[in-house]
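Counting convention: from 1, in listed order, for ligands and their atoms alike. All heavy atoms count here, side chains included; hydrogens, waters and symmetry mates do not. When a residue number appears, it is its place in the shown sequence, counting from 1.
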Amino acid sequence: MRILSGIQPSGVLHIGNYFGMMRPAIALQSRGEAFYFIADYHALTSLHDPDALREHSRHVAIDFLACGLDPERAALFRQSDVPQVTELAWILGTVTPMSRLELAHSFKDKTARGVAASAGLFTYPVLMAADILIYDSDVVPVGKDQKQHIEITRDIATRINETFGSRKQPVFKLPEAQIHAATETVPGIDGQKMSKSYGNTIDIFGEEKETRKRVMSIVTDSRAVEAPKDPANSTIVQLYSLFATEAETAAMRESFRAGGTGYGEYKKQLFDKLWEFFAPMRQRRQEIISDASYVDNVLANGAERANAIADQVMSRVRAAVGLR
Ligand code: ADP
Ligand code: TRP
């Protein structure tokens with residue numbers, strides 16, 4: 001089984017990225033051949049600051065390793081270290097209907113939020129399809145917001161197979177998304193989906209003071225301390241359940257219903273759990289940062305492994321479409 005996923009270095013990683021994509025990806029690394037990359041070409045659709053792009057790319061690598069990515073098992077690399085993927089995106093674009101891209105939520109959401117509607121942003125799902133198909137991927141662990149992109153990928157692969165392949169010899173495998181219901185959309189401090197671009201994140205490796213401040217500013221209703229509270233729609237409970245045991249979460253729910261405890265107290269409990277949860281990863285991160293060449297070596301090795309597969313697949317694709 002080949003597993004693949006990518007994450008954009010468009011900012012600092014948050015706990016939505018961790019539970020939605022990084023933890024599932026790390027859990028899969030021992031179940032097959034895993035390829036995880038830093039989607040720097042994709043980040044260029046929203047970030048035009050070269051120093052920031054370099055800095056974020058490096059930190060995504062460091063943070064992913066600190067969270068448990070094992071480079072002996074999973075190949076970790078930069079998307080741009082496999083430039084053939086842009087060639088494949090071009091080929092895929094020639095069979096992709098405009099109308100399919102016009103329906104993509106992510107383009108509509110991003111432009112609605114003020115990201116410039118560039119041709120690159122519009123064709124973003126085609127590059128993502130190339131990312132997935134160039135490694136003959138079987139499984140793609142992601143959060144729910146990426147579901148439609150995987151559907152578009154399957155659609156494009158089917159069109160290529162129908163146009164250039166045969167039933168006996170399809171050009172591409174059809175990949176499957178892997179999305180876990182419990183963590184598919186982690187809420188941010190405002191209760192909306194946590195996202196780098198909404199300013200509502202709690203970062204994985206934020207400073208202690210800042211992290212506490214973010215947790216304490218989670219939006220709640222204005223129920224008094226004594227009043228019973230609704231655990232079902234509470235961002236605090238939802239986030240707490242990511243870090244606490246089932247019994248601990250059940251106890252918090254019960255306490256909500258009973259009343260007598262203020263939201264501030266629950267937020268403190270959440271902060272303590274969260275801070276403790278990431279403690280071993282913070283320590284590992286310090287070790288990684290102190291070894292200057294470690295990350296460079298990991299990325300170089302990952303790029304080599306990724307290129308070996310991408311070269312094979314591209315030879316097959318070029319032959320299938322008649323470029324060779
Ligand atoms: P962001 O929305 O913060 O820019 P990305 O688009 O870079 O995050 O997402 C990287 C990965 O993390 C994707 O697989 C995405 O589905 C997942 N992800 C991002 N935010 C969340 C969230 N709030 N809940 C669950 N998964 C998420
Ligand atoms: N679009 C994804 C995101 O914003 C990142 C990404 C790019 C990706 N290429 C991919 C994820 C291929 C999975 C597979 O999160």
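Of all the atoms in ligand 1, the ones that sit under 4.0 Å from a non-hydrogen atom of M194 are 20 (N), 21 (C), 22 (C), 23 (N). Interface atoms of ligand 1 facing T185, defined by a heavy-atom separation under 4.0 Å, are 24 (N), 25 (C). In the vicinity of F37, heavy-atom distances shorter than 4.0 Å reach the ligand 2 atoms 9 (N), 10 (C), 12 (C). For ligand 1, the atoms sitting less than 4.0 Å from at least one non-hydrogen atom of E184 are 24 (N), 25 (C), 26 (N), numbered in the order shown with element in parentheses. Listed by atom number, the atoms of ligand 2 under 4.0 Å from S5 heavy atoms are 13 (C). Listed by number with element, the atoms of ligand 1 under 4.0 Å from a non-hydrogen atom of V142 are 14 (O). Counting atoms of ligand 1 from 1 in the listed order, those under 4.0 Å from a heavy atom of T183 are 25 (C). Each of the following atoms of ligand 1 lies closer than 4.0 Å to a heavy atom of Q146: 13 (C), 14 (O), 16 (O). If you number the atoms of ligand 1 from 1 as listed, the ones under 4.0 Å from a heavy atom of I7 come out as 10 (C). Under a 4.0 Å criterion applied to the non-hydrogen atoms of V140, ligand 2 contributes the atoms 13 (C), 14 (C). Atoms of ligand 1 found under 4.0 Å from any heavy atom of G20, numbered from 1 in the order shown, are 25 (C), 26 (N). Counting atoms of ligand 2 from 1 in the listed order, those under 4.0 Å from a heavy atom of I132 are 12 (C), 14 (C). For ligand 2, the atoms sitting less than 4.0 Å from at least one non-hydrogen atom of Y124 are 1 (N), 2 (C), 3 (C), 4 (O), numbered in the order shown with element in parentheses.
Closest protein heavy atom to atom 7 (O) of ligand 1: K196 NZ, 2.7 Å. Residue, atom and distance of the protein heavy atom nearest to atom 16 (O) of ligand 1 are D145 OD1, 2.3 Å. Considering only non-hydrogen protein atoms, atom 7 (C) of ligand 2 sits nearest to H42 ND1, 3.3 Å. Scanning the protein heavy atoms around atom 1 (P) of ligand 1, the nearest turns out to be S195 OG, 3.6 Å. Shortest contact from atom 19 (C) of ligand 1 to any protein heavy atom: N17 ND2, 3.3 Å. Taking atom 9 (N) of ligand 2 as the reference point, the nearest protein heavy-atom neighbour is D131 OD2, 2.7 Å. At the shortest separation from atom 13 (C) of ligand 2 among protein heavy atoms lies G6 N, 3.5 Å.
Between the side chain of S137 and the backbone N or O of I132, at least one donor-acceptor pair lies under 3.5 Å. Judged by distance alone, with hydrogens and angles left aside, the side-chain atoms of R78 form no donor-acceptor pair with the main-chain N or O of S57 at under 3.5 Å.
Neither side chain, H149 nor E151, offers a donor N or O lying under 3.5 Å from an acceptor on the other. With no hydrogens or angles considered, a side-chain donor-acceptor pair links Q84 and D311 at under 3.5 Å. Side-chain atoms of S255 and Y266 form a donor-acceptor pair, as typed in the model, at a separation below 3.5 Å. Residues T245 and E248 have side chains that bring a donor and an acceptor to within less than 3.5 angstrom of each other. If you check the side chains of Y263 and D221, you find a donor sitting under 3.5 Å from an acceptor.
Geometrically, ligand 1 and K193 share a nitrogen or oxygen pair separated by less than 3.5 Å. Considering both main-chain and side-chain atoms, G143 comes within under 3.5 Å of ligand 1 through a nitrogen or oxygen pair. Here's the thing with H14: one of its N/O atoms is less than 3.5 angstrom from an N/O atom of ligand 1. Backbone and side-chain nitrogen or oxygen atoms of K144 are examined, and none is located within less than 3.5 angstrom of a nitrogen or oxygen of ligand 1. Where the criterion is an N or O separation shorter than 3.5 Å, residue side chain and backbone included, M21 fails it with respect to ligand 1. Where the criterion is an N or O separation shorter than 3.5 Å, residue side chain and backbone included, V186 meets it with respect to ligand 1.
Ion pairing between R58 and D296 holds under the 4.0 Å rule for side-chain N and carboxylate O. In summary, D136 and R316 engage in a salt bridge, as defined by a charged side-chain N under 4.0 Å from a carboxylate O. Using a cut-off of 4.0 Å between Lys/Arg side-chain N and Asp/Glu carboxylate O, E33 and R73 are scored as not salt-bridged.
With ring centers used as reference points, Y18 lies under 6.0 Å from F278. Checked against the 6.0 Å centroid criterion, the rings of F205 and F64 do not qualify as a close aromatic pair. A centroid separation of 6.0 Å or more is found between the aromatic rings of F172 and F164.
For the pair K173 and Y135, the cation does not sit on the ring face, since its NZ or CZ is not both under 6.0 Å from the ring centre and inside 45° of the axis. By the 6.0 Å and 45° rule, R212 does not stack over the aromatic ring of W275.
Contacts between T201 and ligand 1, counted as non-hydrogen atom pairs separated by less than 4.0 Å, are absent for every part of the residue. Counting heavy atoms under 4.0 Å from ligand 2, residue Q146 touches it through the side chain alone. Here L4 has side-chain heavy atoms under 4.0 Å from ligand 2, and that is the only part of it that gets that close.
The residue among G16, S5, G188 with a heavy atom at the shortest distance from atom 21 (C) of ligand 1 is G16.
By the 4.5 Å heavy-atom criterion applied to side chains, V317 and L88 are counted as neighbours.
In summary, of the residues considered (V60, D203, N17), a side-chain contact (heavy atoms from CB on, under 4.5 Å) with V12 occurs for D203 alone.
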